[in-house]
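Working notes, beginning with the structure itself.
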Amino acid sequence: IRRPPRSTLFPYTTLFRSTLKRIFIPLFIILSTFNGFCQEQKQIDSLENELVKFEVIKKEMGSKASKMIDTTKVNILNQLSISYFNNNPDKAYDYAHQCWIISTQIGYKKGIARAYNRFGWIHNQRGEYPLALEYLNKAIKLFEELHNREGIATSNSYMGSVYSNQGNYPEGQQYYQTALKYYEEMKDVSGIASAHNDIGYNFYNEGNYTEALKDYTIALKIYKDSN
């Protein structure tokens with residue numbers, strides 16, 4: 001994606017640019033709150049209780065339990081990892097690692113791909129971008145093998161964030177657009193809104209406030225219409 005001349009991106013006065021910035025920052029915070037991964041403590045407690053119940057049931061089944069019953073545990077661990085993304089990245093990583101170990105042992109590819117996704121996002125949050133890209137590329141490859149469009153969309157969204165965080169906005173834009181395409185194919189309203197929000201934030205960081213406003217407006221309208 002070739003970036004247009006900077007002069008075409010700023011047909012505003014200094015005052016107008018300043019005003020736009022004051023609008024965009026709180027707007028992004030509001031949109032991120034709608035779509036954030038931070039979970040209520042009640043939900044975390046519920047998931048941890050589910051994990052305890054699962055272990056009790058598995059123990060009662062004894063030798064009758066199939067190894068694939070552990071896919072249930074993997075799915076709970078995955079949700080716990082997501083729940084801890086924002087408030088406790090270390091714990092999120094620990095749950096993702098448990099998810100990866102069990103999935104590898106039982107050959108559960110979807111669980112492995114999800115664990116790679118979690119690793120990628122957490123490394124991104126830590127600023128460890130090469131590791132983030134490594135894991136996210138692995139996740140995309142596995143999700144493509146599984147024809148899992150939701151996983152592909154999420155992985156591409158994370159990849160966009162990694163590049164955007166490094167200041168490579170054109171590359172980030174490409175991944176965000178790919179994520180949007182998959183969400184639109186699935187008619188995933190929440191995903192579509194999230195993708196437009198990400199694209200808007202990417203444009204904002206690039207200094208393209210006109211395009212940022214367009215995508216923020218689309219995202220905000222979707223959020224309002226769906227709530």
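None of the values given here were measured: they were computed from a predicted structure.
Counted by atom type alone, S161 and D198 present zero donor-acceptor pairs between their side chains at under 3.5 Å.
Atoms NZ and CD1, on K214 and I218 in that order, are 9.0 Å from each other to the nearest 0.5 Å. Note that CG of L133 is 14.5 Å distant from OH of Y158, once rounded to the nearest 0.5 Å. Here the CG-CG distance, from L80 to N88, works out to 11.5 Å after rounding to the nearest 0.5 Å. From Y175, atom OH reaches atom CG of N168 across 10.0 Å, with rounding to the nearest 0.5 Å. Atoms CD and CZ, on E144 and R149 in that order, are 13.5 Å from each other to the nearest 0.5 Å. To the nearest 0.5 Å, the span separating OH on Y84 from NZ on K91 amounts to 3.5 Å.
Connection of M186 to Y223 is not established within any shared hydrophobic cluster, with ILVMFWY side chains joined at heavy-atom distances below 4.5 Å, either directly or through further cluster members. I140 and Y129 fall within a single hydrophobic cluster, where Ile, Leu, Val, Met, Phe, Trp and Tyr are joined by side-chain heavy atoms under 4.5 Å apart, directly or via other members. Hydrophobic clustering, with ILVMFWY side chains joined whenever heavy atoms are under 4.5 angstrom apart, keeps Y183 apart from L220. Hydrophobic clustering places I112 together with W121 (ILVMFWY residues linked when any side-chain heavy atoms are closer than 4.5 Å, directly or through intermediates). Using a 4.5 Å cut-off between side-chain heavy atoms of Ile, Leu, Val, Met, Phe, Trp and Tyr, with links allowed through other members, L136 and I152 fall into different hydrophobic clusters.
A side-chain donor-acceptor contact under 3.5 Å links T104 to the backbone of W100. Listed for the S103 side chain is a donor-acceptor partner under 3.5 Å among the backbone atoms of C99. A donor-acceptor pair under 3.5 Å links the side-chain atoms of T217 to the main chain of L213, judged by distance alone. Within the 3.5 Å criterion, the main-chain N or O of A193 finds no donor-acceptor partner in the side chain of N197. The backbone N or O of V162 sits less than 3.5 Å from a side-chain atom of Q166, completing a donor-acceptor pair.
In this structure, S157 and A179 approach most closely via the heavy-atom pair N-CB, 3.8 Å. Heavy-atom minimum distance, S164 versus Y176: CB-OH, 4.2 Å. Scanning both residues, S83 and N87, for their nearest heavy atoms gives O-OD1, 4.0 Å. Nearest approach of Y169 to N202, heavy atoms of both residues: O-ND2, 3.0 Å. Of all heavy-atom pairs between V189 and S226, the closest is CG1-CB, 4.3 Å. Nearest heavy atom pair, residue H196 against residue A219, reads CB-CB, 4.0 Å.
Checked against the 6.0 Å centroid criterion, the rings of Y93 and F119 qualify as a close aromatic pair. Between H123 and Y135, the gap from one ring centroid to the other is short of 6.0 Å.
A cation-pi contact, defined as under 6.0 Å to the ring centre and within 45° of the axis, is absent between K73 and F54.
A heavy-atom distance below 4.5 Å is found between the side chains of M61 and I57. In this structure, Q125 and P89 have side chains that are not in contact, with every pair of non-hydrogen atoms separated by 4.5 Å or more. The shortest side-chain heavy-atom distance between F203 and D215 falls under the 4.5 Å cut-off. Looking only at side-chain heavy atoms (C-beta outward), I192 and Y182 stay at 4.5 Å or farther from each other. Using a 4.5 Å cut-off on side-chain heavy atoms (C-beta onward), N156 and Q177 make no contact. A 4.5 Å side-chain heavy-atom check between N208 and E211 finds at least one atom pair inside the cut-off. For the pair N117 and F143, the minimum side-chain heavy-atom distance is below 4.5 Å. Between D45 and K42, the closest side-chain pair of non-hydrogen atoms is not below 4.5 Å.
Using a 4.0 Å cut-off between charged side-chain N and carboxylate O, D90 and R126 make a salt bridge. Classification of K138 and E134 as a salt-bridged pair holds, one side-chain N sitting under 4.0 Å from a carboxylate O.
Atom CD of E150 has 12 or fewer heavy atoms from other residues, nucleotides or ligands within 6.0 Å.
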Next item on the list: Go through the steps to decide whether Q174 and Y163 satisfy the test side-chain contact (heavy atoms from CB on, under 4.5 Å), and finish with yes or no.
Entry: CA-CA 10 Å; Q174 288 185 10; Y163 283 107; over 6 Å; no
